[in-house]
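We name chains A, B, ... by the order of the sequence lines, and we start the count at 1 in each one.
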Amino acid sequence: MDELWRSDACGTLRLADAGREVRLAGWVGRRRDHGGLIFIDLRDRSGVVQIVFQPDDPELFAKAEALRGEYVISVKGKVTKRLEGMENPKLATGEIEVVAEDLVVLSEAKTPPFQIDRPGDVDERIRLRYRYLDLRRPALQRNMILRHRVMKAARDFFDENGFLELETPMLTRSTPEGARDYLVPSRVHPGKFYALPQSPQIFKQLFMVSGLERYYQIVRCFRDEDLRADRQPEFTQIDVEMSFVGRDDVMRMMERLIQRIFAVGGIDVNLPIRRISYKEAIERYGSDKPDLRFGLELVDVTDIVRDSGFKVFADAAKDGLVKAINAKGAARWSRREIDQLTEQAIEWGAKGLAWIAVGEGGSLRSAITKFMAEEEIAAVLERLAAEPDDLLLFVADRPDVVHTVLGRLRVVLGEKLGLIDPERYEFCWVIDWPLLEWDAEQGRYVAAHHPFTSPKPEHLELLETDPGAVEALAYDLVVNGVELGGGSIRIHRPDVQERMFKALGFTPEEAHEKFGFLIEALSYGAPPHGGIAFGLDRVIMVMARLDSIRDCIPFPKTQSAMDLMTGAPSDVAPEQLEELGIRLLPSARGGKS
RNA sequence: GGAACCGUGGUGUAGUCGGUUAACACGCCAGCCUGUCACGCUGGAGAUCGCGGGUUCGAGUCCCGUCGGUUCCGCCA
């Protein structure tokens with residue numbers, strides 16, 4: 001055989017190719033051996049084509065009989081229109097088949113631990129251990145191809161709009177605030193550590209100070225926190241920063257990017273994307289990343305129940321809130337189903353879940369109405385636009401508890417009531433975030449976004465007097481209850497940055513030790529700038545409607561952050577630790593491995 | 001750190017109230033078959049039921065522990 005392994009990709013052959021001599025290469029999928037006639041589904045990245053072996057060449061036929069699943073072969077043959085009635089409409093190549101004239105086995109294969117060409121669930125342990133085989137399956141290949149095309153679309157967009165793709169260090173310095181860092185010990189400086197970047201935040205700001213004006217990077221980031229279905233310890237960001245821009249400039253540029261990216265998946269994004277304030281998102285949807293595909297909004301009834309005979313309501317109304325969701329059509333749910341909702345509400349921090357079920361003709365089923373006055377009940381029903389068959393669910397508590405619990409309940413109700421259309425994409429920007437949040441545990445304010453986020457100029461003076469009231473020039477992009485990314489206009493004046501660190505409770509010495517280089521950089525003429533970062537993996541997950549981020553990451557880790565294929569993380573040789581000046585605590589020896 | 005669910009031939013599952021030979025489908029192996037495409041038919045191999053302990057005359061099944069996987073809470077500027 002010469003150097004030409006293949007003339008065509010399996011999945012690309014069509015009726016128009018009939019009559020052509022082709023050479024194909026790929027993996028043996030299903031084989032259908034009829035004794036006197038053998039069919040092989042030959043698979044490569046492009047798809048599948050049927051190869052036919054006929055018995056007129058006994059030597060060739062014998063070789064075909066020995067083929068097994070996942071053998072890698074090269075086949076020479078003639079593309080042939082299938083016999084009348086033998087077409088397979090399920091295959092893109094179903095109108096033709098390739099009649100084999102020559103066959104070379106390039107690699108034999110052991111029987112794989114799971115069937116490659118059979119869709120369906122396989123234990124994720126097995127899939128991850130044999131990830132290279134899992135990635136051979138068409139479903140995962142589709143996700144990888146989508147991932148590539150999204151990255152390509154993004155790069156094209158950035159290039160067209162004057163952005164430079166610039167790299168930032170992977171070995172950098174650990175900074176306070178934010179997620180737990182992955183640390184890398186330094187051999188040259190025993191006892192000192194690099195940190196892997198949680199994001200290239202400071203570096204991209206420094207690019208702006210450098211006058212590079214528009215930066216982007218598709219870059220790996222690391223956070224040593226516990227995993228979730230949509231969270232991996234290393235993940236990929238589409239990271240962006242722009243000079244001489246305000247909030248609107250960044251948002252407008254980025255929604256064009258999002259439009260371009262989602263177009264890759266055939267999803268239309270109408271511009272401009274609607275904007276909703278953080279406050280409104282919390283009050284109406286109980287979430288800072290609301291799913292706008294359905295209603296079930298939170299309704300405030302605090303004023304109505306202020307003097308309620310139902311003490312739970314009256315007490316909460318004093319210094320908290322009483323809010324409700326009208327689960328339309330849910331009055332028929334069983335007591336057991338409602339009790340399950342109550343259990344969940346309690347798990348999320350509520351003390352309980354009060355409810356009123358509206359029956360035919362307006363009759364009420366409830367454990368709380370007997371404590372409430374007639375007109376109070378009537379006012380609540382009216383406020384919630386209650387109709388027969390509706391189930392009203394109430395939470396009375398501190399505002400944060402009310403919003404968290406009802407916000408989560410809202411999503412559960414939306415799913416249970418079948419209100420969520422998986423094909424719809426409802427985007428929104430969440431804006432006007434608080435700059436700071438009070439952290440009761442630490443007894444200080446912490447940055448809601450990050451310490452470099454610019455306060456709204458009109459709130460600057462509140463930084464010292466009422467820090468909790470300062471709003472930030474920050475924005476998150478949300479789709480269907482998923483946070484795709486977030487960013488902000490940054491602080492570009494060293495004095496403001498110093499005030500921010502002070503508001504965060506840093507002493508001037510601390511601020512200088514940790515971030516002196518940034519403050520110094522800002523003092524050399526920093527342009528106003530701002531940016532954003534999107535979670536690429538989540539973008540793919542949403543576009544491909546995946547349940548897990550792992551299905552769009554080539555080599556993901558398990559929930560316990562292990563790589564089941566390579567066995568990472570692993571022990572290292574004592575000499576390696578010695579070299580780094582590291583000794584393990586007894587509790588760290590012979591632990592999980 | 002906490003909660004829940006799961007772990008049975010290679011894969012996916014069943015296995016009742018604890019009962020004697022652990023079932024089914026796919027895959028695998030062999031044979032037959034010239035138009036299949038989830039090919040078909042016949043036969044076969046393949047499991048100490050994640051691991052350890054306990055209760056019991058008897059444990060895949062009940063209990064305790066442990067390991068692993070998943071989902072969620074905390075955490076994730």
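Residue side chain A/Phe114 fails the stacking definition with respect to B/rU11, as its ring centre and the base's six-membered ring centre are not both under 5.5 angstrom apart and under 30 degrees in plane angle. By the 5.5 Å and 30° criteria, A/His34 is stacked with the base of B/rC39.
When distances run from any side-chain atom of A/Arg550 to the nucleotides B/rG10, B/rC37, B/rU71, the shortest one goes to B/rU71. If you check B/rU36, B/rA38, B/rG69 against the side chain of A/Phe39, the one that comes closest is B/rU36. Nearest nucleotide to the side chain of A/Lys90, out of B/rA38, B/rG12, B/rG68: B/rA38. Nearest to the side chain of A/Arg125, among B/rG68, B/rC29, B/rU34, sits B/rG68. In the set B/rC37, B/rG7, B/rU71, B/rC37 carries the atom at the smallest distance from any side-chain atom of A/Asn88.
Looking at heavy-atom distances under 4.0 Å, A/Pro451 makes contact with a base. In this structure, A/Ile38 reaches neither bases nor backbone, as no heavy-atom distance under 4.0 Å exists between it and the strands shown. Contact annotation for A/Glu124: backbone-only contact, meaning every heavy-atom pair under 4.0 Å involves sugar-phosphate atoms and none involves a base. A/Ser199 comes within 4.0 angstrom of a base, heavy atoms only. A/Glu97 comes within 4.0 angstrom of a base, heavy atoms only. Within the nucleic acid shown, A/Arg127 has no heavy atom closer than 4.0 Å to any nucleic acid atom. At a threshold of 4.0 angstrom between heavy atoms, the contacts of A/Gln54 include nucleobase atoms, whether or not backbone atoms are also involved. Within the 4.0 angstrom heavy-atom criterion, no nucleotide atom of any strand lies near A/Arg129.
In terms of polar N and O atoms assigned as donor or acceptor, the side chain of A/Arg408 never comes within less than 3.5 Å of the base of B/rC72 in a complementary pairing. Residue-to-nucleotide contacts include a donor-acceptor pair under 3.5 Å from the side chain of A/Gln50 to the base of B/rU36.
Annotation: A/His512 is not in aromatic contact with A/Phe501 [ring centroid separation under 6.0 Å not met].
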I'd like to compare against my own output: the B/S/- annotation of nucleotides 40-51 of chain B with a strict under-4.0 Å heavy-atom distance to protein.
------------
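Within 6.0 Å of NZ in A/Lys81 there are more than 12 heavy atoms belonging to other residues, nucleotides or ligands.
Listed pair A/Arg43 / B/rC37 fails the phosphate criterion, with no side-chain N or O lying under 4.0 Å from OP1 or OP2. For B/rC28, the OP1/OP2 oxygens have no side-chain nitrogen or oxygen of A/Thr111 closer than 4.0 Å. Listed pair A/Ser560 / B/rG68 fails the phosphate criterion, with no side-chain N or O lying under 4.0 Å from OP1 or OP2. Put simply, A/Arg118 has no side-chain N or O that comes within less than 4.0 Å of OP1 or OP2 on B/rA25.
Of the residues in residues 223-238 of chain A, A/Arg223, A/Glu225, A/Asp226, A/Arg228, A/Ala229, A/Arg231 come within less than 4.0 Å of RNA chain B through at least one heavy atom, sorted by number. Taken residue by residue, residues 490-499 of chain A places no heavy atom nearer than 4.0 Å to RNA chain B.
A/Gln217 and A/Thr168 share a donor-acceptor pair across their side chains, judged by distance under 3.5 Å alone. A donor-acceptor pair shorter than 3.5 Å cannot be found between the side chains of A/Arg173 and A/Thr175. Donor-acceptor pairing under 3.5 Å is lacking for the side chains of A/Gln344 and A/Gln340.
Taking for each of A/Ala448 and A/Glu87 the nucleotide of RNA chain B with the nearest heavy atom, the 5'-most of the two is the partner of A/Glu87. Along RNA chain B, the nucleotide closest to A/Trp348 and the one closest to A/Gln201 are compared, and the more 5′ of them pairs with A/Trp348.
Between B/rC73 and B/rG27, the two P atoms lie 40 Å apart (nearest whole Å). Rounded to whole Å, the C1' atom of B/rC72 lies 45 Å from the corresponding atom of B/rC39. Spacing between B/rA25 and B/rG44 at atom P, rounded to whole Å, works out to 13 Å.
Ring pair A/His450/A/Phe452 is tilted by interplanar angle, where 30° to 60° counts as tilted.
A/Cys221 and A/Gln198 get closest at one heavy-atom pair: CB-O, 3.2 Å.
Checking each of A/Glu108, A/Arg31, A/Lys110 against A/Arg68 for a side-chain contact (heavy atoms from CB on, under 4.5 Å) leaves exactly one that passes, namely A/Arg31.
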